[in-house]
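Each ligand, and each atom within it, is numbered from 1 in the order the structure gives. The model shown is predicted, which means the values in this text are computed figures rather than measured ones.
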Amino acid sequence: MIFGGLQKFSLIDYPGKTCAILFTVGCNFRCPYCHNPELISLNNDTVVIEEKGILKFLENRIGKLDAVSITGGEPTLHKDLLSFMKKLKDMGFLIKLDSNGTRPLVLQKALDEKLVDYLAMDVKAPLDKYEKVTIKPINVEDIKKSIDIIKNSGIDHEFRTTVVRSLLSKDDILKIGETIAGAKRYYLQKFIATKTNDPKYLKETTYSDEELEELRTKIAKKVKICKVR
Ligand code: SF4
């Protein structure tokens, strides 16, 4: 595993649990609004943290933290992800895994081996417009498979979409709502320009609170919990 960040404590990343957040390095997407460009690939801004150091920190948190959240980058690109998750499970932590959905087999394996307790997936756009956001070519079948695996996983889960006005129309967002219908949680994430992979996106905006609330109300009929954050 290559890690590029460690947040030692969070009360909000894993609903109802305290957790540490691990950030893996490497992503197969190039979302222009990505606020962690130093995690997309190793570069001069990446501060690499060794797995040994991460495990040592977590050993000291046994009994003090409920969970570990693994995010990226894209964690499923790492060949040793599942064996790393097994080490965390052996320490007694709950595990939340964030993914962009491009490796459905890894998600399925994590479920089969009971290595994951919470799955979170970014749904970037309606399936026919995905590459407008990811920039890199994608296999839309993999995205569909991941959505189905997560919806039918029987474990706690969420889908979320970062809402940039110029990338997603209101109809696009409602289409995403159709795709993830039946899910437990769906979050519409307001895009806030702080740091972006494409500097031009520092000028981009999201929808107004009223517009987002209107979208939320419509999508809330299709999922158990729908929130704007
Ligand atoms: S926002 Fe996009 S580019 Fe950035 S880590 Fe997530 S999937 Fe990768």
Asks: Determine which pairs satisfy salt bridge (Lys or Arg N to Asp or Glu O under 4.0 Å) with at least one residue from residues 46-75, sequence neighbours left out, and list them in order.
Replies: E51-K87
Asks: Using a strict 4.0 Å threshold on nitrogen-to-oxygen distance, state whether D172 and K129 make a salt bridge.
Replies: yes
Asks: Indicate, as side chain, backbone, both or neither, the part of H35 found under 4.0 angstrom from ligand 1 when only non-hydrogen atoms are considered.
Replies: neither
Asks: Would you call R103 and D142 a salt bridge, taking side-chain N to carboxylate O under 4.0 Å as the test?
Replies: no
Asks: Does E158 come within less than 4.0 Å of R229, counting only side-chain N to carboxylate O?
Replies: yes
Asks: With heavy atoms of K124 as the reference, note each atom of ligand 1 found under 4.0 Å away.
Replies: 1 (S), 2 (Fe), 6 (Fe), 7 (S)
Asks: Taking transitive links into account, so neighbours of neighbours count too, which hydrophobic residues share a cluster with V47 at under 4.5 Å side-chain distance?
Replies: none
Asks: Taking K175 first and then E178, would you say they form a salt bridge - that is, a charged N and a carboxylate O separated by under 4.0 Å?
Replies: no
Asks: Counting no waters, how many protein N/O/S atoms sit under 2.8 Å from atom 8 (Fe) of ligand 1?
Replies: 1
Asks: So, using side-chain hydrogen bond (donor to acceptor under 3.5 Å, both in side chains) as the criterion, who are the partners of K114 when residues are at least two apart?
Replies: none
